[in-house]
*Asks:* 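Quick one: the structure is below, and I'll ask about it shortly.
Convention: sequence-line order gives letters A, B, ...; per-chain numbering from 1.
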Amino acid sequence: MAEVPHIITAVQFTPVNMEPIFFRARELRALDQDPKSRKEHAGRFLGKRAVNLFYAESTRTRTSFELAEVAWGIGYSSTANARQFSSAAKGETLAHTIEIVNQYNPDLIVLRYDRVGGAAEAASLVDVPIINAGDGSGEHPTQAFLDAFTIQEQLGRLDKLQITFMGDLRFGRTVRSLAHVLSKGKNNHFDFVSTEDLRLSEDIKELLDAVPGITYTEHFHASALTSILPRTDIFYVTRTQTNLGAPKLQENKFRVTSEVANLLPSHAILLHPMPIDREDPLNSEIALEVDRHPRSRYYRQAGNGLYIRMALIEKILEGEPILAEVA
Amino acid sequence: MAEVPHIITAVQFTPVNMEPIFFRARELRALDQDPKSRKEHAGRFLGKRAVNLFYAESTRTRTSFELAEVAWGIGYSSTANARQFSSAAKGETLAHTIEIVNQYNPDLIVLRYDRVGGAAEAASLVDVPIINAGDGSGEHPTQAFLDAFTIQEQLGRLDKLQITFMGDLRFGRTVRSLAHVLSKGKNNHFDFVSTEDLRLSEDIKELLDAVPGITYTEHFHASALTSILPRTDIFYVTRTQTNLGAPKLQENKFRVTSEVANLLPSHAILLHPMPIDREDPLNSEIALEVDRHPRSRYYRQAGNGLYIRMALIEKILEGEPILAEVA
Amino acid sequence: MAEVPHIITAVQFTPVNMEPIFFRARELRALDQDPKSRKEHAGRFLGKRAVNLFYAESTRTRTSFELAEVAWGIGYSSTANARQFSSAAKGETLAHTIEIVNQYNPDLIVLRYDRVGGAAEAASLVDVPIINAGDGSGEHPTQAFLDAFTIQEQLGRLDKLQITFMGDLRFGRTVRSLAHVLSKGKNNHFDFVSTEDLRLSEDIKELLDAVPGITYTEHFHASALTSILPRTDIFYVTRTQTNLGAPKLQENKFRVTSEVANLLPSHAILLHPMPIDREDPLNSEIALEVDRHPRSRYYRQAGNGLYIRMALIEKILEGEPILAEVA
């Protein structure tokens with residue numbers, strides 16, 4: 001039997017197999033400005049059906065998947081908060097739910113699960129393509145894909161980069177997924193800036209240790225930014241995932257203000273997987289003023305999510321798996 | 001004025017008027033494997049609009065209705081949890097909500113209500129076809145329809161059957177609805193197995209007492225299964241509807257393990273309306289291992305829900321009521 | 001750059017610029033009875049995408065927007081309760097969310113926000129048309145539009161009217177929006193009936209004071225109805241917005257029974273923006289019996305919401321702003 005085109009982990013992605021999808025996403029973004037193309041696209045996958053099953057709500061991710069689906073003419077049924085309201089609250093297991101949804105013969109299941117390994121478990125059970133839309137503190141591979149797309153488009157390459165990650169490096173699944181992808185670019189160097197509590201987990205360090213040419217340094221004081229940022233190509237900041245069990249950063253030091261962003265060279269870009277925590281503006285990991293800073297690319301980055309997801313869904317519905325070559 | 005094709009109660013169904021819908025559901029299930037047919041179906045009811053109004057969330061039921069609607073090209077608007085979040089929380093009555101939704105000129109209202117009689121009340125108010133998707137501990141007629149379909153398909157008949165119901169027989173609306181349907185098959189015998197607390201309610205007993213040729217026996221000890229199951233054709237297990245006010249079964253005796261399922265003859269089938277409670281696996285009414293038992297048909301049964309609902313919606317949108325002949 | 005066709009406030013509307021939309025809504029309501037027209041409409045805006053972002057749930061308003069969208073063939077993604085479940089709960093600001101949604105290139109954002117000024121803020125940030133679907137105790141302009149449509153259709157004019165508002169005049173955004181619109185009809189007179197606590201806010205009084213030919217009177221005892229209602233053309237009753245911070249009306253005096261409705265002249269109409277609070281029927285602002293009273297038009301009024309919204313969305317997607325002429 002042919003391989004089912006699941007998207008479970010960023011381990012599947014390489015600079016080589018991402019390239020045609022980057023190309024297509026760029027094309028789809030351009031065509032999306034043209035009403036005639038949009039009308040054509042809206043009839044492209046008529047008759048296909050998707051189930052978007054979110055155990056934890058994520059307005060942004062769900063919205064971008066739903067819009068990608070309607071942009072292709074795919075009919076969808078969504079559950080926004082299965083953990084709290086659905087049969088999950090009646091003790092129904094993930095396996096059980098997935099087996100039933102599978103019986104409804106969908107062409108695609110987009111799954112946001114609240115525990116590590118949810119998408120992999122689902123993919124082991126059914127032949128319907130599963131897209132992992134986040135599994136607890138595990139992975140969020142389509143986010144890594146759109147991050148890589150944004151980097152490639154803005155800097156022209158995925159190798160020979162100096163990437164600085166700052167924020168929650170322990171629980172943040174986007175860091176995990178993106179580090180996987182960028183470990184495949186030759187001669188990338190990583191700087192990881194966080195409190196000791198939120199330092200990079202061992203599994204990622206082992207991964208990076210195993211790749212020749214990849215180097216990294218950990219820093220536990222924000223003061224290190226003064227020396228790191230001037231040689232940084234990508235400054236990737238994440239929020240502290242308090243909803244995933246992480247302690248809040250206690251001090252304001254790990255915070256991007258205009259002054260901090262000014263340390264970056266003019267070709268560098270500032271990314272963030274969103275949402276930025278702005279409830280307490282004085283404690284936000286990125287100050288409001290930085291939204292309009294010339295280095296900021298996080299809104300553009302978020303928007304790329306729609307087109308990367310459209311391109312990935314197209315590939316999946318054409319039955320083409322996206323898998324790293326076995327070395 | 002023509003009869004409005006509501007589906008309110010399993011009392012409407014007979015082996016005779018169900019047969020063409022069984023036939024169509026089987027056909028739709030086969031055609032659903034063919035991309036060309038799916039594309040055609042997705043344009044079939046273009047311009048029709050459905051409102052799915054769920055006062056209590058039910059991911060499975062809502063998802064299967066939404067997928068049936070998009071499979072036919074029907075546009076839908078859904079409310080997943082009206083009791084908690086909508087205007088219902090502001091004191092809006094069902095009658096009020098239904099009268100307003102009616103003004104939006106939909107072609108179909110799918111209603112899950114949290115109290116007995118909700119769908120009947122709605123149907124008394126408006127000329128839009130209502131499908132009862134469950135009304136508290138009342139009925140769930142499309143569930144009974146797909147149960148009957150699964151039985152007919154697996155055993156080739158709806159009469160001369162020995163049916164064993166086990167679990168919550170008092171509050172479980174699927175038992176109520178299915179008993180209605182099967183009471184119309186000639187010479188069916190029912191065995192009802194439950195605690196005394198959760199015994200069959202009087203109204204169902206009176207119904208069965210009134211039908212010549214129908215017999216039934218109640219059993220209040222799980223030990224009865226040893227003698228009942230070897231002569232059972234259909235073993236229909238339900239969960240204890242704790243969310244509908246039922247006490248939990250206190251002991252593990254009323255529980256299907258492989259050993260229990262092995263008591264069934266080889267032609268028999270094990271059904272469950274889902275979801276199976278698996279939160280505490282040791283206390284689940286059906287042990288995990290039974291999912292792969294040769295007698296299990298509950299996943300297949302759940303999947304039939306999509307095609308039965310597609311077939312019923314087609315009938316309704318063509319304006320054809322599904323009603324038992326008056327005797 | 002052309003004006004973006006937002007709908008933010010009833011201040012945009014005048015009897016003159018509403019007229020063609022009234023005409024179109026009437027036409028759409030008639031065509032909606034014809035399956036062929038509905039099918040045509042369902043293909044009209046294929047490829048367009050809407051995002052319905054509700055920070056507070058409103059089943060009725062959201063449902064009517066979603067149905068208007070599917071009636072036009074627009075694909076939508078909805079969030080029903082962003083305040084409680086989405087990233088808003090993670091400290092994401094409205095500005096932030098709107099900027100991200102904007103990146104997904106939608107053709108329309110329908111925004112229900114829980115604080116005054118939400119829609120205006122959103123419109124100041126992006127070039128995507130925003131429809132204000134209610135902003136806390138601020139405005140609800142499409143409600144005012146459909147109210148005006150119902151009045152125009154039932155009474156044949158928007159001027160020389162005696163309008164009696166009763167209920168929550170302080171927090172009720174529909175009163176605010178509708179008073180704006182009707183202040184533009186020549187020689188309208190308003191009677192405002194409420195408790196002193198819930199009296200008309202100063203900004204509306206100042207607005208009315210500034211318009212030549214408009215007069216109004218405030219009344220703080222329900223007994224005034226005996227003299228007011230016999231000369232009333234439109235009796236507009238609202239619920240007490242307890243969810244917006246208003247105190248409940250303490251006594252039953254401000255309540256419409258058949259006896260009260262009988263005080264109206266035969267050409268008068270009784271309106272209510274819905275939902276009517278019926279949780280405690282003895283304390284409902286409109287008694288159940290009044291639903292069938294010959295003066296009642298509130299169900300009709302609610303139904304007009306679908307067609308007014310369809311007509312407004314059509315105008316917006318054709319890029320035509322709806323703006324009051326500058327005097």
*Asks:* When rounded to the nearest 0.5 angstrom, what distance separates CD in B:Gln103 from OH in C:Tyr299?
*Replies:* 9.0 Å
*Asks:* Can you measure from CG (B:Leu53) to OG1 (C:Thr59) and round to the nearest 0.5 angstrom?
*Replies:* 7.0 Å
*Asks:* If I take atom CD from residue C:Glu57 and atom OG1 from residue B:Thr79, how far apart are they, to the nearest 0.5 angstrom?
*Replies:* 6.0 Å
*Asks:* Atom OG in B:Ser77, atom CD in C:Glu69: separation rounded to 0.5 Å?
*Replies:* 9.0 Å
*Asks:* For residues B:Tyr104 and C:Arg60, determine if any side-chain heavy atom of one lies less than 4.5 Å from a side-chain heavy atom of the other.
*Replies:* yes
*Asks:* Please rank C:Asp291, C:Asn304, C:Val70 by heavy-atom pairs under 4.5 Å with chain B and give me the top one.
*Replies:* C:Val70
*Asks:* State whether the side chain of B:His96 and the backbone N or O of C:Ile276 hold a donor-acceptor pair below 3.5 Å, judged by distance alone.
*Replies:* yes
*Asks:* What part of C:Ala80 lies closer than 4.5 angstrom to a heavy atom of chain B: side chain, backbone, both or neither?
*Replies:* neither
*Asks:* Measure distances from C:Tyr76 to the heavy atoms of chain B and classify the residue's part below 4.5 Å as side chain, backbone, both or neither.
*Replies:* side chain
*Asks:* Measure the shortest side-chain to side-chain distance between B:Arg49 and C:Arg38 over non-hydrogen atoms and say whether it is less than 4.5 angstrom.
*Replies:* yes
*Asks:* Return the option, out of C:Arg29, C:Arg300, C:Lys36, C:Arg62, with the maximum number of heavy-atom pairs under 4.5 Å with chain B.
*Replies:* C:Arg62
*Asks:* C:Tyr298 versus chain B, heavy atoms under 4.5 Å apart: side chain, backbone, both or neither?
*Replies:* neither
